[in-house]
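Some notes on the structure that comes next.
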Amino acid sequence: MSTSSPSLPLPRDAAPWRRLWREYRRSRLALAALVLLLLILAAAVLAPWITPQNPYDLMQLDVLDARLPPGSASGSGAYTYWLGTDGQGRDLYSGILYGLRISLLVGVGSALIAGIAGTLIGLLSAYAGGAVDALLMRLVDLLLSFPSILMALMILAYLGKGVGNVVLTLVVLEWAYYARTVRGQALVEARKEYVDAARGQAISPYWIALRHLLPNCLPPVIVVGTLQVARAITLEATLSFLGLGVPITSPSLGLLIANGFQYMLANEYWISLFPGLALLVTIVAINLVGDQLREILNPRLQR
C-alpha cells in the first residue's frame with residue numbers, strides 16, 4: 001500500500017495558466033524561442049543603460065566615424081564599435097537596440113489596439129447578426145482582399161511619416177483578422193447551452209457578450225495577436241525600408257537596413273547585415289512562440 005499523500009489540487013484560477021505553461025514547455029524549440037524573445041525585450045527596454053551611444057542624439061554622432069568596420073575603435077577612443085557604424089556614424093549595436101524599441105513598440109502597440117477594436121467588432125457582428133453582421137463582414141472581406149503593403153503605402157502617402165501614423169495604418173490593416181476570428185468563435189459559443197440559459201434569465205445581451213462569449217473567444221485572439229505582432233514588425237520594416245515608415249531621426253530596424261543598402265556593393269555589408277539579422281531573429285522567435293500557442297490552444301491541432 002502506498003504511503004504517499006495525495007497531491008493537492010491546483011487553485012482554480014492558477015490551474016489553466018499552469019496547464020498552459022506545462023504544455024508549452026514540452027517543446028524545447030518553443031521554450032528556447034520564448035527565452036530568446038524575453039532577452040530581446042529586455043535588451044530593448046534597457047537600451048539606454050547597456051549601449052555606449054544614443055543614436056537619436058546628433059551631438060553624440062561623429063561623421064568621421066561613419067562606415068567603420070566591426071571592431072573599430074571610436075575616434076575619441078572612448079569605446080569600440082563591435083558591430084561597426086553606419087553612414088551617419090551611428091554605433092550599430094546601439095542603433096539595433098534602439099531600433100528594436102521602435103519596431104516592438106509599433107508591432108505590439110498596433111496589435112493591441114487592433115485586437116481590442118477587432119474583438120469588439122467581431123462580438124458585435126456575431127451577436128447582432130442580420131444586416132449588422134452582413135455589413136461588418138463585407139467590410140472585413142473588402143479589407144482582406146487588398147494587398148496589405150499596397151494599402152499601407154496609400155495610407156502613409158496621405159498621412160506622412162511618423163510612428164503614430166505607422167501604428168494607425170497597421171491598426172486599419174489588422175483589425176479585420178481579429179474581427180473574423182472572434183466572430184467565428186463567438187458564433188460557435190452562442191449556440192451552447194450556457195448562453196441559452198443566460199438568455200432565459202433575461203440578462204442583458206451586452207453582458208452576455210462581454211461576460212460569457214468574450215472569455216471563450218480569448219484563446220484564438222491570443223494566438224492571432226502573437227502572430228500579428230510579427231506581421232506588423234515585418235510590415236513596418238518594409239515601409240521604413242521604402243522610405244514611408246518612421247522618420248530618420250527615430251530609426252527602426254527597417255530604416256537601419258535601408259541606410260546600409262546603398263553600401264552593399266562597396267563591400268560594407270555590416271551596415272545592413274546586422275540589423276537584418278536582428279529583425280530576422282525577432283520575427284522567427286515571435287512566430288515560434290505563436291505557433292506553439294496555436295498548437296496548445298487549438299484542440300484540432302493537438303497531437
Side-chain angles (χ1 to χ4, degrees), residues 99-122 124-125 133-184 220-221 223-262 264 271-273 275-287 290-291 294:
L100 275 172
R101 303 182 88 189
I102 299 294
S103 297
L104 291 172
L105 173 65
V106 170
V108 176
S110 62
L112 183 61
I113 298 173
I116 295 173
T119 298
L120 295 177
I121 293 173
L124 174 63
S125 178
D133 182 31
L135 177 62
L136 290 176
M137 287 303 102
R138 296 299 76 75
L139 179 59
V140 167
D141 292 338
L142 180 64
L143 285 174
L144 296 181
S145 63
F146 284 97
S148 298
I149 186 64
L150 178 60
M151 288 192 63
L153 290 174
M154 293 171 59
I155 296 173
L156 285 174
Y158 175 75
L159 295 178
K161 295 182 180 181
V163 175
N165 291 341
V166 173
V167 171
L168 177 60
T169 300
L170 294 177
V171 169
V172 172
L173 298 177
E174 290 181 353
W175 72 265
Y177 293 94
Y178 296 92
R180 171 166 286 181
T181 301
V182 171
R183 175 185 177 270
V221 170
V223 175
V224 171
T226 305
L227 299 176
Q228 285 300 310
V229 170
R231 179 175 179 270
I233 293 175
T234 305
L235 191 54
E236 181 277 324
T238 304
L239 293 170
S240 296
F241 183 84
L242 296 175
L244 286 174
V246 298
I248 194 170
T249 54
S250 302
S252 66
L253 293 179
L255 193 56
L256 291 175
I257 297 171
N259 289 340
F261 184 73
Q262 58 183 319
M264 291 292 287
I271 303 178
S272 289
L273 176 63
L277 288 176
L279 179 64
L280 176 63
V281 170
T282 303
I283 293 172
V284 169
I286 295 174
N287 280 328
D291 286 342
R294 181 180 60 179

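Residue indices begin at 1 and follow the sequence shown. Not measured: the values here are computed from a predicted model.
Judged as a salt bridge (charged side-chain N to carboxylate O under 4.0 Å, His left out), not a single pair has a partner in residues 147-168 (not counting sequence neighbours). Within the structure, every pair that satisfies the ring-ring contact (aromatic ring centres under 6.0 Å, His included) test and touches residues 233-261, not counting sequence neighbours, is listed here: F241-F261. Within the structure, every pair that satisfies the side chain to side chain donor-acceptor pair (under 3.5 Å) test and touches residues 167-177, not counting sequence neighbours, is listed here: Y177-R231. Applying the ring-ring contact (aromatic ring centres under 6.0 Å, His included) test to every pair with at least one member in residues 140-166, sequence neighbours left out, gives no pairs at all. Screening residues 237-248 for side chain to side chain donor-acceptor pair (under 3.5 Å), with sequence neighbours left out, gives E236-S240, S240-S252.
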* **Verdict with supporting geometry, M151 and L143, side chain to side chain contact (heavy atoms under 4.5 Å, CB included)** => CA-CA 9 Å; M151 288 192 63; L143 285 174; 3.8 Å; yes
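Looking at residues two or more places apart in sequence or on another chain, you find no side chain to side chain donor-acceptor pair (under 3.5 Å) involving S110. Remark: V223 pairs with L227, L293, R294, L297 by the side chain to side chain contact (heavy atoms under 4.5 Å, CB included) rule, at least two apart or across chains. Among residues two or more places apart in sequence or in another chain, the salt bridge (charged side-chain N to carboxylate O under 4.0 Å, His left out) test is passed with D141 by R138, R180. A search for side chain to side chain contact (heavy atoms under 4.5 Å, CB included) contacts involving L136 returns I121, L124, S125, V132, not counting sequence neighbours. With sequence neighbours excluded, the residues satisfying side chain to side chain contact (heavy atoms under 4.5 Å, CB included) with L153 are I149, L239, L242, L244.
Of the listed residues (I233, L256, V108), just one forms a side-chain contact (heavy atoms from CB on, under 4.5 Å) with S103, and that residue is I233.
Taking every heavy atom of both residues into account, Y178 and T119 meet most closely at CB-N, 4.2 Å. Contact detail for V167 and G109: the closest heavy-atom pair is CG1-C, 4.5 Å. Closest of all the heavy-atom pairs between L159 and L168 is CD1-CD2, 4.0 Å. What you find for A111 and V229 is that their closest heavy atoms are CB-CG2, 3.5 Å. Residue L173 comes nearest to S148 through the heavy atom pair CD1-O, 3.6 Å, listed as atom of the first residue, atom of the second, then distance. In terms of heavy-atom proximity, V246 sits nearest to V166 at N-CG2, 4.2 Å.
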Exercise answer: donor-acceptor pairs, residues 275-287 side-chain atoms, under 3.5 Å, sequence neighbours excluded:
unit_1, atom_1, unit_2, atom_2, d
T282, OG1, A278, O, 2.8
N287, ND2, I283, O, 3.3

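Within 6.0 Å of CE on M154 lie no more than 12 heavy atoms contributed by other residues, nucleotides or ligands.
Side chain of S145 to backbone of L142: a donor-acceptor contact under 3.5 angstrom is found.
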